[in-house]
Amino acid sequence: MPFPTHRPRRLRSSEPIRRLVRETTLSPANFILPLFAVEGEGIRKEISSMPGNYQLSIDELVKECVECASLGIGGVILFGIPNQKDEEASQAYAEDGIVQRAVRAIKQNAPNLLVITDVCNCEYTSHGHCGKVVAGDVDNDITLTWLAASAVSHARAGADIVAPSDMMDGRVAAIRHALDAAGLTKIPILSYAAKYASAFYGPFREAAESAPQFGDRRSYQMDPPNALEAMREIALDIEEGADMIMVKPALAYLDIIRMARDRFDVPLAAYQVSGEFSMIMAAARNGWIDLDRVMIETLTAIRRAGAGTILTYFAKPAARLLS
Ligand code: PBG
């Protein structure tokens, strides 16, 4: 007879008991903070749709990284916004590009902070697409050469992990091959393996000045209704040499995170993207939800779904709440 013998409320009756039986935990070490590097000095320009997040010149970015290290945050992921954009995304793989210089500066000033670099072209092309545009579409195989060159230049600058987010076919193999050929065999690849063509990236494109000038990203990013396709994408990336995989966005794709966790045994990350952050901030600013509780609840949900690592714009406030 379940009731009255069984009373599940017994294990909810006090905070010490609830803490004892809690199944999911959060730690600052699980978080990766995305940061946006711009040219110049003394620049800290708030992104209007992402309160508390900034375009940062390298000197300011370094300060942010020192703070992340002191908060025990797992690491940062860097996005670069170059002064010059062109058809060939040449600043993406320039030895003295904005991200390459930012990595060197961070490694000098916060040597123990994990630095991941986002490997993509959309911030560097004049048209805002993630690769070489040929006849109105992104050419897969030419783009691979840019990605491989970018990853090598990031790793040479001192990046600890490279994270391709472009969704070209074969990019993990191309990057692994290029890193190995350059003697960078120890650099892991965190692949944005299941990245959807999502409307939740809107605020990021303002932050990174990377909105496509024509068309959209649906010929390379995944169609949101598909789940099995995500499993094929992940399997291919692992075969090609991905050390870690990512699902992106997070909250609208918790089922994909869970499926990936159940099927694959490599470390799994999820990206709580800009639109997820902005929605929560907007509602909180209206007084409609409790910011701190919703922040922790969403991060916990992403962990519960199976992600070990969470890329999140809440990394600093969440780390403070957890300390
Ligand atoms: C680059 C990239 C994007 C994001 C991460 N890497 C934008 C895009 O694909 O359009 C989005 C991150 C966010 O919304 O927070 N390709």
Side-chain angles (χ1 to χ4, degrees), residues 31-37 47-55 76-82 85 89 91-93 98-99 116-125 127-133 138 140 143-144 146-147 150-151 154 159 161-169 171-172 175 189-224 233 245-253 269-282 298-299 302 307 309-315:
F31 304 145
I32 303 290
L33 178 65
L35 292 174
F36 301 96
I47 299 149
S48 62
S49 53
M50 300 174 71
N53 288 268
Y54 304 84
Q55 292 183 338
V76 294
I77 182 162
L78 301 183
F79 297 90
I81 302 141
K85 301 187 187 224
Q91 286 301 305
Y93 41 87
I98 179 76
V99 161
I116 305 174
T117 53
D118 182 88
V119 177
C120 195
N121 299 300
C122 59
E123 300 108 77
Y124 303 93
T125 51
H127 45 66
H129 277 289
C130 298
K132 171 78 178 170
V133 172
V138 174
N140 195 86
T143 302
L144 295 183
W146 299 359
L147 296 166
S150 299
H154 294 172
I161 298 177
V162 292
S165 68
D166 52 283
M167 291 301 279
M168 296 303 120
D169 295 330
R171 76 323 183 27
V172 173
I175 289 171
I189 298 173
L190 162 58
S191 172
Y192 287 68
K195 174 173 175 180
Y196 287 87
S198 169
F200 285 102
Y201 307 149
F204 172 96
R205 293 181 187 169
E206 178 203 335
E209 300 172 8
S210 66
Q213 301 300 301
F214 60 89
D216 53 43
R217 303 210 201 291
R218 283 182 239 206
S219 82
Y220 39 105
Q221 298 180 349
M222 283 184 51
D223 199 19
E233 280 281 6
I245 54 169
M246 195 196 301
V247 172
K248 175 186 176 190
L251 212 47
Y253 297 84
Y271 198 144
Q272 183 178 47
V273 301
S274 56
E276 302 180 57
F277 171 85
S278 299
M279 275 194 318
I280 294 169
M281 289 302 288
T298 55
L299 292 168
I302 296 163
T309 303
I310 307 173
L311 290 79
T312 175
Y313 302 96
F314 287 126

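These values consider heavy atoms only, across backbone and side chains, with no hydrogens, waters or symmetry-generated copies. Every number for a ligand or one of its atoms is a count from 1 in the order of the listing. What you see is a predicted model; the values in this text were computed from it and never measured.
Between the side chain of T143 and the main chain of K132, a donor-acceptor pair closer than 3.5 Å is present.
In this structure, the side chains of C120 and F79 stay at 4.5 Å or more apart for every pair of heavy atoms. Within the 4.5 Å cutoff, the side chain of Q221 has heavy atoms near those of the Y201 side chain. At least one side-chain heavy atom of I47 sits under 4.5 Å from a side-chain heavy atom of F36. V99 is listed as a side-chain neighbour of Y124, based on a closest heavy-atom distance under 4.5 Å.
Side-chain contact of Q272 with T298: a donor-acceptor pair under 3.5 Å is present, judged by distance alone.
Of the heavy atoms in S274, both backbone and side-chain atoms come closer than 4.0 Å to ligand 1. In F277, neither the side chain nor the backbone holds a heavy atom less than 4.0 Å from any atom of ligand 1. Residue contacts with ligand 1 for D118 involve side-chain atoms from C-beta outward but no N, CA, C or O (heavy atoms, distance under 4.0 Å).
Ligand 1 lies within reach of K248, whose nearest heavy atom is under 4.0 Å from it. The shortest heavy-atom distance from Q272 to ligand 1 is not under 4.0 Å.
Distances between N or O atoms of K195 and those of ligand 1 include at least one value under 3.5 Å.
Each of the following atoms of ligand 1 lies closer than 4.0 Å to a heavy atom of R217: 8 (C), 9 (O), 10 (O). Less than 4.0 angstrom separates some heavy atom of C122 from each of these atoms of ligand 1: 1 (C), 16 (N). Ligand 1 places these atoms under 4.0 Å from at least one heavy atom of Y271: 12 (C), 15 (O). Of all atoms in ligand 1, listed by their number and element, those nearer than 4.0 Å to a heavy atom of R205 are 8 (C), 10 (O).
Nearest protein neighbour of atom 12 (C) of ligand 1, counting heavy atoms only, is F204 CD1, 3.3 Å.
Legend: residues meeting ring pair (Phe, Tyr, Trp, His ring centres under 6.0 Å) with Y313, ordered by chain and number and at least two apart, are F277.
For K195 and Y271, the positive end is not near the middle of the six-membered ring at less than 6.0 Å and at most 45° from its axis.
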